[in-house]
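Residue numbers start from 1 in every chain, and the chains themselves are labelled A, B, ... in the order their sequence lines are given, proteins ahead of strands. Quick caveat: nothing in here was measured; it's all calculated off a predicted structure.
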Amino acid sequence: MEETNKAEEKSLNFIEEIIEEDLKSGKHQSVLTRFPPEPNGYLHIGHAKSICLNFGLAIKYGGSTNLRFDDTNPVTEDTEYVDSIKDDVRWLGFNWKNELYASDYFEQLFGFAQELIKKGLAYVDDSSSEEIAKEKGSPTQPGTRNRFADRSLEENLQLFDEMRAGKYRDGEKVLRAKIDMASPNMHLRDPLLYRIKHAHHHRTGDKWCIYPMYDFAHGQSDALENITHSICTLEFIPHRPLYDWCIEKLALFPSHQYEFARLNLTYTVMSKRKLLQLVNEKYVHGWDDPRMPTITGMRRRGYTSDSIRQFCERIGVAKRDNLIDVSLLEFCVREHLNKIAQRRMVVFDPVKLVLTNYPADQVEMVSSENNPEDPAGGHREIPFTRELYIERDDFMENAPKKYFRLTPGAKVRLKSAYIVECTGAIKDENGIITEIHCEYLPQSKSGADTSGLKPQGTLHWVSCKHAVDSEVRIYDRLFKVEDVGNAEGDFKDHINTDSLHVISKAYAEPALAESTADASYQFIRKGYFCIDKESTAEKMVFNRTVTLKDTWAKDKKK
RNA sequence: UGGCCUGUAGUAUAAUGGUAGUACAACUGGUUUUGGUCCAGUUUGUCGAGGUUCGAAUCCUUGCAGGCCAACCA
């Protein structure tokens with residue numbers, strides 16, 4: 001009865017407050033947002049925050065969201081990125097209303113520029129970029145306007161036409177807005193509107209050799225689409241006066257820009273430039289390397305879109321710089337995977353366990369639940385035999401006080417099978433343990449246990465005869481320092497060179513042979529895993545998504 | 001040394017002049033056939049200084065700290 005109240009208790013972020021006011025005041029009847037990536041790289045978890053914000057707002061207020069590619073710089077952009085971006089947004093679970101491109105508006109943008117020229121608000125400048133930079137002044141020093149600013153409207157119009165017609169080389173001329181060379185806001189000191197680039201564009205081909213700058217494309221694109229709330233990151237705050245200036249001078253739909261703080265995550269980088277460097281310089285094996293904070297990398301690593309959306313929900317939206325602890329992300333993925341992951345047993349670092357009182361040729365099928373969190377998840381059968389593999393570190397000859405795994409004289413439960421008691425271990429000439437000997441307690445079988453014993457430890461195991469060889473890839477953080485962005489020196493100095501461990505021969509229980517590409521697994525006591533795209537029928541390959549929370553490991557460190 | 005933005009537990013984020021709350025992290029304990037999950041609990045906070053007010057995280061003054069801005073990038 002009270003459920004509606006409960007749902008409404010969650011407080012609004014500052015953008016939701018603005019939207020609710022706008023809706024209430026009648027400024028807008030509905031909400032139209034946009035997600036405006038530049039197709040020059042792959043999307044990362046920081047973009048996911050923006051995607052969840054833009055699409056989430058539209059969903060919450062019954063509006064919609066356009067996907068608009070900000071493709072005004074043909075030199076760095078490519079359809080490869082367009083495709084990956086669309087794929088990532090869809091995978092995250094969002095549907096856009098229209099798929100649009102800033103390049104769709106090139107003709108209109110050109111017209112807008114002519115309009116400004118006619119109003120005496122723009123001029124063609126022949127200066128070099130060095131001269132322009134010099135005349136711009138500095139934040140504390142006003143700039144000076146050069147002699148080209150006084151050209152006649154006719155001359156400006158003609159030169160601008162000639163720029164478009166290809167009469168000039170790259171860099172020979174630019175179109176500039178005429179605003180205020182003394183403004184304390186550097187972006188208002190006659191900003192560049194158009195530059196010449198004789199470059200092939202991934203959509204418009206060779207039709208254009210002049211391209212609008214971000215500031216002359218973004219706001220107008222928003223306005224042409226009737227975007228009500230144009231949401232971007234903090235570094236665009238100083239651009240807002242220019243955004244508003246263009247809309248005002250051209251008398252367009254009054255889209256408004258709002259800025260929020262971008263996501264920063266511990267132990268990783270979030271800049272496309274740096275990520276591109278990691279890829280190009282082979283620190284990782286591509287954009288979808290599971291160590292990358294890219295959407296595609298996280299997806300390959302086994303993160304679910306649910307968990308990423310949940311993460312974006314929990315980090316909140318505000319205007320202060322932030323550095324989110326990656327453990328929150330890990331918490332979100334564990335939370336989801338715990339509910340959906342099928343439990344399996346896999347031994348990574350095997351040592352043989354022999355049950356000396358168990359018949360040599362006997363194969364007994366034991367039943368184990370697929371997911372204790374999901375009663376409907378069913379059970380599977382696992383072969384149990386005299387010779388098993390267990391983890392080497394689940395046995396210690398001289399165990400400390402609180403160690404409750406195997407040690408001579410101790411009893412442990414073999415998961416879903418029997419309680420066993422350790423009777424000794426065999427070593428080779430180097431003192432390495434080659435075999436652990438135990439006796440099993442026949443009356444202690446799982447589900448039919450009449451032993452009355454309650455050993456503290458439970459171990460995972462795999463029958464030697466039935467073990468399936470597989471490869472397991474263990475990932476660690478990509479960087480050694482929490483705040484990579486603010487760490488001293490080059491960011492590459494802080495790369496963790498030990499972020500990938502390949503276990504080429506792990507032993508998996510037979511049920512894993514039927515793994516499917518999109519399934520999530522929990523290898524009991526090991527962590528959450530998924531099938532890698534390089535996995536084959538002959539050699540299965542698993543990625544570790546995230547470890548289980550391990551309070552024992554933490555205790556040991558102390 | 002110009003302009004703009006931001007300061008609430010370790011990290012984020014609420015409280016919109018009226019009991020500083022929530023999540024993650026950390027730490028205790030309980031349950032457990034995963035040292036997982038689950039449950040119960042503990043620790044930790046309003047950048048500083050003045051002022052307004054019965055009452056300030058919130059308003060005012062001032063100081064301090066951090067971030068952003070001078071690409072023919074977005």
Side-chain angles (χ1 to χ4, degrees), chain A residues 10-13 17 36-38 40 70-73 75-77 125 128-129 132-134 136-143 170-176 183-187 189 192-197 210-211 213-215 217-218 232-241 259 261 266 272-273 314-332 334-335 338-339 343 345 368-369 372-373 402-405 412-417 419 444 446-447 449 454-460 482 486 522-527 547-556:
Chain A
K10 196 179 178 305
S11 54
L12 304 177
N13 65 48
E17 281 182 4
E38 184 188 11
N40 68 345
D70 230 334
D71 56 350
T72 56
N73 185 3
V75 180
T76 56
E77 295 156 6
D125 190 339
S128 67
S129 59
I132 289 175
K134 207 173 156 197
K136 212 154 219 176
S138 75
T140 52
Q141 215 60 35
D170 288 10
E172 212 173 324
K173 286 183 168 36
V174 291
L175 183 74
R176 289 229 255 171
S183 171
N185 182 340
M186 299 298 288
H187 295 275
R189 321 248 267 223
L192 270 61
L193 268 23
Y194 267 91
R195 74 291 214 188
I196 299 170
K197 273 181 196 278
I210 59 171
Y211 293 93
M213 301 289 288
Y214 167 85
D215 285 310
H218 201 97
C232 62
T233 46
L234 257 25
E235 64 270 27
F236 289 96
I237 290 176
H239 294 249
R240 191 183 345 131
E259 310 87 7
T266 54
K272 278 196 273 189
R273 199 196 95 243
R314 284 185 195 236
I315 56 177
V317 177
K319 298 189 77 155
R320 72 184 87 129
D321 291 327
N322 59 79
L323 179 63
I324 307 281
D325 195 327
V326 72
S327 65
L328 179 61
L329 216 207
E330 294 178 344
F331 169 82
C332 291
R334 283 191 193 108
E335 185 183 46
N338 179 48
K339 289 196 193 100
R343 311 294 133 123
M345 294 199 284
S368 191
E369 54 199 343
E373 305 296 315
K402 280 192 163 177
Y403 185 85
F404 40 87
R405 281 117 94 150
V412 299
R413 161 77 62 183
L414 294 176
K415 173 73 182 169
S416 297
I419 295 172
S444 67
S446 277
D449 186 353
K454 290 268 172 201
Q456 279 195 101
T458 299
L459 306 187
H460 62 281
E482 269 202 345
N486 289 314
Q522 184 198 101
F523 293 174
I524 288 178
R525 302 210 299 140
K526 288 299 196 186
T547 59
L548 255 26
K549 218 166 104 183
D550 189 350
T551 46
W552 167 247
K554 246 186 321 205
D555 280 355
K556 269 195 302 191

N/O contacts under 3.5 Å, protein versus nucleotides 39-43 of chain B?
none

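With rounding to the nearest 0.5 Å, the separation of OG1 in A:Thr547 from CZ in A:Phe523 is 14.0 Å.
Residue contacts for A:Lys197: at a heavy-atom cut-off of 4.0 Å it reaches the sugar-phosphate backbone alone, with no base atom in range. Among the protein residues, A:Tyr214 comes within range of the nucleic acid bases, having at least one heavy atom under 4.0 Å from a base atom. If you check every strand for non-hydrogen atoms under 4.0 Å, A:Thr551 touches sugar and phosphate atoms only. Across all strands shown, A:Met213 has heavy atoms under 4.0 Å from sugar-phosphate atoms exclusively, and none from any base. Within 4.0 Å of A:Asp550, counting heavy atoms only, lie sugar-phosphate atoms of the nucleic acid but no base atom. Base contact: A:Leu548 has a heavy atom under 4.0 Å from a base atom. A:Ser138 comes within 4.0 angstrom of a nucleotide base, judged by non-hydrogen atoms across all strands. If you check every strand for non-hydrogen atoms under 4.0 Å, A:Tyr211 touches nothing. At the heavy-atom level, A:Arg405 lies under 4.0 Å from base atoms of the strands shown.
Residue-to-nucleotide proximity on RNA chain B shows that, of A:Gly457 and A:Pro184, the 5′-proximal contact is made by A:Pro184. Nearer the 5' end of RNA chain B, as judged by each residue's closest nucleotide, is the contact made by A:Pro139, out of A:Pro139 and A:Ser128.
The phosphate of B:U8 (OP1 or OP2) has a side-chain N or O of A:Arg320 nearer than 4.0 angstrom. Taking 4.0 angstrom as the limit, A:Arg195 places a side-chain polar atom (N or O) nearer than this to OP1 or OP2 of B:C73.
A heavy-atom distance below 4.5 Å is found between the side chains of A:Glu259 and A:Arg240.
Scanning atom types as modelled, one donor and one acceptor separated by under 3.5 angstrom connect the side chain of A:Glu373 and the base of B:G36. You won't find any donor-acceptor pair under 3.5 Å spanning the side chain of A:Arg314 and the base of B:U13, going by distance alone. The base of B:A71 is not paired with the side chain of A:His187 by any donor and acceptor separated by under 3.5 Å. Applying the 3.5 Å distance criterion, the base of B:U34 shares no donor-acceptor pair with the side chain of A:Arg525.
Across the C1' atoms, B:C39 and B:U19 are found 27 Å apart, a figure rounded to whole Å.
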Which dot-bracket string describes RNA chain B (Watson-Crick N1-N3 plus N6-O4 or O6-N4, or G-U N1-O2 and O6-N3, all under 3.5 Å; [ ] crossing; | other strand)? .((((((..((((....[..)))).(((((.......)))))....(((((..]....))))))))))).....
